[in-house]
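This report concerns only the one structure given below.
As a basis for the values below, the full set of heavy atoms in this structure was taken, side chains included, without hydrogen atoms, waters or symmetry mates.
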Amino acid sequence: TFTGLGPAEIKNVEASIPEPLREAWREHKYFVRHVETTLARSLYNCDELAAYSGTALAFRDRLIIEWNKTQQRQTFTDQKRVYYLSLEFLMGRTLDNAMLNVGLKDVARDGLSDLGFRIEDVINQEHDAALGNGGLGRLAACFLDSMATLNYPAWGYGLRYRYGIFKQEIVNGYQVEIPDYWLDNNPWEFPRHEITVDIQFYGNVKKYQDENGRISNSWEDGEIVQAIAYDVPIPGYGTKTTNNLRLWSSKASSGEFDFQKFNAGDYESAVADQQRAETISAVLYPNDNLERGKELRLKQQYFWCAASLFDIVRRFKKTKRAWAEFPDQVAIQLNDTHPTLAIVELQRILIDKEGLEWDEAWNIVTKTFGYTNHTVLPEALEKWSVPLMQNLLPRHLQIIYEVNLFFLQSVEKRFPNDRDILSRVSIIEESHPKMVRMAYLAIIGSHKVNGVAELHSDLLKSTLFKDFVKIYGPDRFTNVTNGITPRRWLHQANPRLSALIAEKLGGYDFLKDLTLLDKVEAFVDDKAFREEWAVIKRENKLRLARHIKATTGFDVNPNALFDVQVKRIHEYKRQQLNIFGVIHRYLSIKAMSAEEKKKVVPRVSIFGGKAAPGYWMAKTIIHLINNVADVVNKDPEVGDLLKVIFIADYNVSKAEIICPASDISEHISTAGTEGSGTSNMKFVLNGGLIIGTCDGANIEITREIGEQNIFLFGNLAEDVEDLRHRHFYGDFKLDPQLERVFDAIKDNVFGDKADFSALTSSIEEHGDYYLVSDDFNSYITTHEMVDEAFQNQEEWLAKSITSVARMGFFSMDRVTNEYADSIWNVEPLDVTD
Ligand code: Z2T
């Protein structure tokens, strides 16, 4: 029935409601309205999924308003913006985060509870936005959170994949990949059908004389694919700033070209063209730290770079500023080399379309870009075949050759007596076929290059990019150690711990300035505080135990030491070292007397992570973990002393359950191979201790929390090369304890030994590239120290509390401010001013 209430009267009704209830009333009103109208349901047949949608839509309304205001304000002020270009944004779920950022989760909890729903169940209805593989993609998501929270005018640009990272199922111990179709009913994206860009591929380059008599190049013919923008609001925590993430989706161009085919009756071929175009944004490549050089991947890269650059340039041109001001208005950060074509595309736009001279344009380009490198692993460094690029992007290849020519000329002038340096630093590798080295192009086209942890950045300077340090000097290269957002990884994932800290610190300010955590250390001897801390850890372990029971059917003892390794499965991350250690433990227990068994500290070894579908060794490791679990978990001689769990389909929302529940977690990569690692930070921030190698950010974590609070083991990065060299020349002896483990595998204790022969022989016979045998003894000994330490619960607790108190450095806010100051030169803009 029509109430006769206009906006003014509604305002009056609102005003008549007592202030503390007003938000609750609004929330309820939005919720009911969306359930009844947007979803066309009644409150009487509102299930959990509808309750999720209604809540999400209610919060979405709030975000949209702030989002519009933020964008208007940023456009009006027209100060420098940051554009973060990433092929991956591993966002996870949005609703919980949105409720916390807006500060109304408690209101929503009460409202939902009045309607008979538990907020956790409602939150669990949401599908993860899983547009990423692992650390690199999650870092991009943490960046977005921090940039909004700190009020930086910043946009993310990415691809709107129809399929995110595959879902993992374990069938008979093997990984099986299921497509992740995630787009239906996603309330968090807004299609902008009016924002489109035509993207060209193939074709050829023609020279012509322009009106000033200048010889110019024009890229002609080929085929056109249309990019359509989809926008996602990115709210900051405790601020009105709501930034934008723009994801591009591909579609066949609606240009004349296609209509001609339709009109000519060539219906089938026109539809095929359409499907081919849509394939570009169809699927995320599921490789972490591996590049396979597929043409479709290159198409994705160019499609996304060209659409983003067009968009950025279009926005800049509206301001009518001179081109020389471009770098004062625009900072573009390249998340690894995947967006390196953006450098070439900007140069092309400036010289071919806007008529700038080469030098003037190149000066603008290099001032605009910054490049972040995430790995030194050679198999992850992008190289594109010259013939492939010649065919797909003929004009870009010309520009790359020109950039290379000018670069090599300048190098030759500076180092006239160095015969080899030119071939070493050339963007073009003189192989068959020739290859474009994208990292070199990224360095040459950027004003700053950074690594993601101190050791990693040092290694870049002393190995991979050594020549470039010589050429450009050390100032172009810098380090910005990674971080994580404390909003998601403490407050959202571990609300009770966050509340306990807030109670002691007098509020939640630490979520915006994580260095305030240092005040927690004053409570390390406070009895009540310590008890509460321990209770929270136990609760979190129980929560994980329930998840394990529900998903695997196994019961785990919450008093046992929970030992967790969750991350992408990769030989360099050494899950094989961990599972061999577990087998060693199992064999030791089996050999014990009843008396000896009484002294054993019960353990649950928990694994999780996806293997790239084509990475056979990684899949073999998963298989071994599951087979070991099968044998160990039902062995009555072992009972509660050891359980092995593989959690299928590890993703962001599972990480939120797992990270708060560890006693110890494993970050055990071969020294010098892990760029940074970020789950190490998540676990410590949640009061878990870690065992790790001197690698990536483990080193800085140790420096911050103190070496008495971490379990370090293994060879150092500086010794790795020498050890590998020795292995290669036959100087290798399998560690005797590891030999015992291999003997058990070869006795078919964990299934058919043939299934694992590639794994054991990679160590015994093929050089043990990742030094599993070299580090095995030290690994086992260190785990014995872990057991020992765990028996002294009081000291363990002190380590846990002290470590959390000292984790302030690893906030993504510190990281974002460092990029802003030393790379982007951008200032925050408070939209509430
Ligand atoms: C990735 O997740 C990482 C590096 C890559 O290099 C690619 C992917 Cl998909 C091309 C990871 C690093 O392995 C990890 O050490 C680091 O913490 C993370 O990026 C974020 O910097």
Side-chain angles (χ1 to χ4, degrees), residues 10 14 17 20-41 43 46-71 89 91-129 141 144-145 148-149 156 182-191 230-245 247 485 487-488 491-493 495 498 508 511 652-653 656 831-832:
I10 287 176
E14 276 188 10
I17 294 172
L21 295 179
R22 215 171 289 163
E23 288 295 2
W25 181 79
R26 267 186 211 143
E27 206 44 54
H28 180 78
K29 187 179 67 173
Y30 292 164
F31 175 88
V32 173
R33 175 167 250 274
H34 278 300
V35 169
E36 292 184 344
T37 64
T38 320
L39 305 174
R41 304 278 283 255
L43 277 188
C46 177
D47 55 11
E48 267 167 1
L49 185 58
Y52 160 71
S53 297
T55 313
L57 291 165
F59 275 92
R60 186 177 92 150
D61 289 350
R62 294 175 184 269
L63 296 193
I64 295 170
I65 293 173
E66 301 307 334
W67 189 28
N68 284 335
K69 280 193 203 151
T70 303
Q71 297 313 313
F89 288 94
M91 305 295 283
R93 290 176 177 154
T94 294
L95 176 59
D96 197 359
N97 194 250
M99 293 191 297
L100 290 167
N101 281 4
V102 176
L104 292 174
K105 186 171 177 182
D106 291 333
V107 165
R109 178 183 291 107
D110 293 347
L112 285 165
S113 150
D114 289 345
L115 296 165
F117 297 105
R118 280 186 50 216
I119 193 170
E120 287 76 19
D121 300 334
V122 171
I123 287 169
N124 280 338
Q125 296 299 313
E126 185 173 352
H127 198 104
D128 274 37
L144 295 179
D145 178 83
T149 298
W182 70 290
L183 287 173
D184 280 350
N185 304 316
N186 172 11
W188 306 111
E189 65 168 15
F190 292 80
Y230 285 72
D231 287 348
V232 182
I234 307 292
Y237 175 79
T239 171
K240 301 250 169 209
T241 299
T242 304
N243 281 334
N244 193 28
L245 168 61
L247 302 176
T485 168
R487 273 75 64 180
R488 183 175 293 259
H491 192 45
Q492 181 179 320
S498 184
Y508 283 100
L511 291 175
V652 171
S653 52
E656 289 167 21
V831 286
T832 54

Salt bridge (Lys or Arg N to Asp or Glu O under 4.0 Å) partners for Asp231, two or more places apart: Arg192, Arg246

field: Counterpart residues, ring-ring contact (aromatic ring centres under 6.0 Å, His included), relative to Trp67 (two or more places apart)
entry: Phe190

field: All salt bridge (Lys or Arg N to Asp or Glu O under 4.0 Å) counterparts of Lys29, not counting sequence neighbours
entry: Glu14

- prompt: With sequence neighbours left out, what residues match Asp121 under side-chain contact (heavy atoms from CB on, under 4.5 Å)?
  reply: Glu48, Arg118

- request: Let me see the working for Phe31 and Leu115 under side-chain contact (heavy atoms from CB on, under 4.5 Å), right down to the final yes or no.
  value: CA-CA 11 Å; Phe31 175 88; Leu115 296 165; 3.4 Å; yes

- request: List in chain and number order the residues that pass side-chain hydrogen bond (donor to acceptor under 3.5 Å, both in side chains) with Asp184, two or more places apart in sequence or in another chain; answer none if no residue qualifies.
  value: Tyr181

message: By the salt bridge (charged side-chain N to carboxylate O under 4.0 Å, His left out) test, which pairs, at least two apart or in different chains, include something from residues 55-65?
response: Glu23-Arg62, Glu27-Arg62

message: Please report the interatomic distance CG(Leu112) to OG1(Thr55), rounded to the nearest 0.5 Å.
response: 4.0 Å

- request: Quick one: list whatever passes side-chain contact (heavy atoms from CB on, under 4.5 Å) with Thr38, sequence neighbours left out.
  value: His34, Leu57

message: With side-chain contact (heavy atoms from CB on, under 4.5 Å) as the test, pick out the partner of Trp188 among Arg93, Glu126, Met91.
response: Glu126

- line: Tightest non-hydrogen contact, residues Arg487 and Leu511, listed as NH1-O, 2.7 Å

query: Which pairs pass salt bridge (charged side-chain N to carboxylate O under 4.0 Å, His left out) with one or both residues in residues 232-245, sequence neighbours excluded?
result: Glu66-Lys240

message: Under a 3.5 Å distance rule, please check whether Asp145 uses its side chain to pair with a backbone N or O of Thr485 as donor and acceptor.
response: no

Taking every non-hydrogen atom, the tightest pair across Ala51 and Cys46: N-SG, 3.7 Å

- request: List the steps and the verdict of side-chain contact (heavy atoms from CB on, under 4.5 Å) for Leu104 and Met99.
  value: CA-CA 5 Å; Leu104 292 174; Met99 293 191 297; 5.8 Å; no

field: Approximate separation, where rounding is to 0.5 Å, of Lys105 NZ and Leu100 CG
entry: 5.0 Å

- prompt: How long is the span from the CZ atom in Phe89 to the CD1 atom in Ile234, to the nearest 0.5 Å?
  reply: 8.0 Å

message: Just to verify, which of Leu245, Leu247, Leu183, Thr94 counts as forming a side-chain contact (heavy atoms from CB on, under 4.5 Å) with Glu189?
response: Leu183

statement: Taking every heavy atom of Leu39 against every heavy atom of Ser53, the minimum-distance pair comes out as CD1-CB, 3.7 Å

field: Shortest non-hydrogen contact between Leu63 and Pro233, atoms and distance
entry: CD1-CG, 4.3 Å

- line: In short, Ser653 meets Asp128 closest at the heavy-atom pair OG-OD1, 2.7 Å

field: Residue list, side-chain contact (heavy atoms from CB on, under 4.5 Å) with Asp47, at least two apart or on another chain
entry: Arg41, Leu49, Ala50

field: Any donor-acceptor N/O pair, Gln492 side chain to Asp96 backbone, under 3.5 Å
entry: no

query: Of all residues at least two apart in sequence or in a different chain, which pass the salt bridge (Lys or Arg N to Asp or Glu O under 4.0 Å) check with Arg488?
result: Glu656

query: Quick one: salt bridge (Lys or Arg N to Asp or Glu O under 4.0 Å) partners of Asp110, sequence neighbours excluded?
result: none

message: My understanding is that only residues two or more places apart in sequence, or in another chain, count here; which of them pass side-chain contact (heavy atoms from CB on, under 4.5 Å) with Thr70?
response: Gln74, Thr241, Thr242, Asn243, Val831

task: Look at atom CG of Asn68 and say whether more than 12 heavy atoms of other residues, nucleotides or ligands are closer to it than 6.0 Å.
output: yes

